[in-house]
Amino acid sequence: MADVLFTNARIFDGSGDLPYAGDVLVQGNRIARVTRTGHGARSLPVQGATVVDAAGAFLMPGMVEAHTHFSWNDQPSLDAIQRMPPEEHILWCAQVAERYLDMGWTSCVGAAAAKPRLDVVIRNAINDGTIVGPRYLAASQEITVPGGLGDTTQPHLPQPEFAFGAIVSGCEEMRRCVRMFAKYGVDSLKINLSGESITGMPGEMSQFTEAEIATCVEEAKAWGKRVAAHARSCWSIKQCVKLGIEVIYHASFTDEEALDLLEAHKSQHFIAPGLAWLINTSHHASAWGLTPEVTRKMGYHRELEAAIESMKAMRRRGIRILPGGDYGFAWTPHGTNAKDLEYFVKYVGMSPMEALLSATAWGAPMMRMGDVLGQVREGCLADLLLVDGDPLADISVLQDKARILAVMKDGAFHRAPPVRSARTMSRWAA
Ligand SMILES: [Zn+2]
């Protein structure tokens, strides 16, 4: 792998500092040197390095998606996702994994797979170079209860092969299920603690007993696995803190007690609200029969309002809120994930700087790579994006593939910059 020297970049380094002009040298898969223009040592030509004149373009860390479902297939229902045959399904996942990298997501955290081994197989195939995709943490299926979110079986067809999730009832079935996924090699267990209105059980309802949840966490930790929860209800959020579930997805309905608990344990948890799901289900799913009238009756409009208030409160309390969440439905197609950053600015009150940090610096510990990922710093892994435009002025530029001029993962270009247009690529400098 040739060394790469980016010159004349506007570097957003993920430290929280404002961007500065400078050069970045990548050697092997690491960032070897970061030089500020006008601060002492001018960078020297490096023997044999490919020089990329960024011409003032925005150089930033690759983004981290905190709630990814490669196996959701851009269809309008859980049934339509679940019924894809395994052979087509794994090819779909491989294709989607590459799409994430295309859009600048150099790391993704799996948040459940639609069949038991899809995530594990994709992670392994990315890691051994069989397919192209971001760094990936593999999840289990969603663990659920009979009749709960993810139980898509019919009364006359109770076979597990017809279920979207892994259905358990009671502590020993839970224990067996966690052990099975540990055997398959997942990085995390996904447990559905609350309902989901579209499937019939309201998001404010909770579906497991505390004893079952505790068994899941105990067994997962015994295997060194992380637990992530679908937790919309207030009770389920409190259970996550009480029982040590690190990753909390949605967290829509909070009260003072829940917020106090989260704040007191904020270094131990990550929140990914998945606002795109709530916004688009409420307002942009009419083509699939989910008109605003229908989704209002389901409770999604009220939940969206509650979720926005909860996220505003969490932001004020310094609780980490990360982008990602349930892309892969017909009205939240894969690849549009950077909309989350726009939603954070528009609805949650984050500054563009905070939104960018949530996708980079805060994503690194979410990947359990806090020391080496999410920043443009000497010694870090070279996951970098070169962006035409200024996401700090307009966060939506990250939604446009054409504006993401280059994507580098682990020191290698997934997409090299268009060299011929290098002199004109920068709009902010004009
Ligand atoms: Zn999800």
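Computed from a prediction, not measured in an experiment: that's the story for all the values here. In this chain, residues are counted from 1 in sequence order. Ligands are counted one by one from 1 in listed order, and the atoms in each one are counted from 1 as well.
Ring centroids of Tyr327 and Trp105 are separated by 6.0 Å or more, keeping the two rings apart. Taking the centre of each ring, Tyr20 and Phe12 stay at or above the 6.0 Å mark.
Every residue meeting the ring pair (Phe, Tyr, Trp, His ring centres under 6.0 Å) condition with Trp288, not counting sequence neighbours, appears here in chain and number order: Trp331. Not counting sequence neighbours, the partners of Glu263 by the side chain to side chain donor-acceptor pair (under 3.5 Å) test are Arg317.
The aromatic rings of Trp72 and His69 sit parallel, their planes meeting at an angle under 30°, below the 60° perpendicular limit.
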Exercise answer: donor-acceptor pairs, residues 112-126 side-chain atoms, under 3.5 Å, sequence neighbours excluded:
residue: Lys115; atom: NZ; partner: Gln82; partner atom: O; Å: 3.1
residue: Lys115; atom: NZ; partner: Met84; partner atom: O; Å: 2.5
residue: Lys115; atom: NZ; partner: His89; partner atom: ND1; Å: 2.6
residue: Asp119; atom: OD1; partner: Tyr136; partner atom: OH; Å: 2.9
residue: Asp119; atom: OD2; partner: Tyr136; partner atom: OH; Å: 2.9
residue: Asp119; atom: OD2; partner: Ala139; partner atom: N; Å: 2.9
residue: Arg123; atom: NH1; partner: Gly185; partner atom: O; Å: 2.7
residue: Arg123; atom: NH1; partner: Asp187; partner atom: OD1; Å: 3.3
residue: Arg123; atom: NH1; partner: Asp187; partner atom: OD2; Å: 3.0
residue: Arg123; atom: NH2; partner: Gly185; partner atom: O; Å: 3.1
residue: Asn124; atom: ND2; partner: Val120; partner atom: O; Å: 3.4

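With waters neither drawn nor counted, the protein N/O/S atoms under 2.8 Å from the Zn ion (ligand 1) amount to 3.
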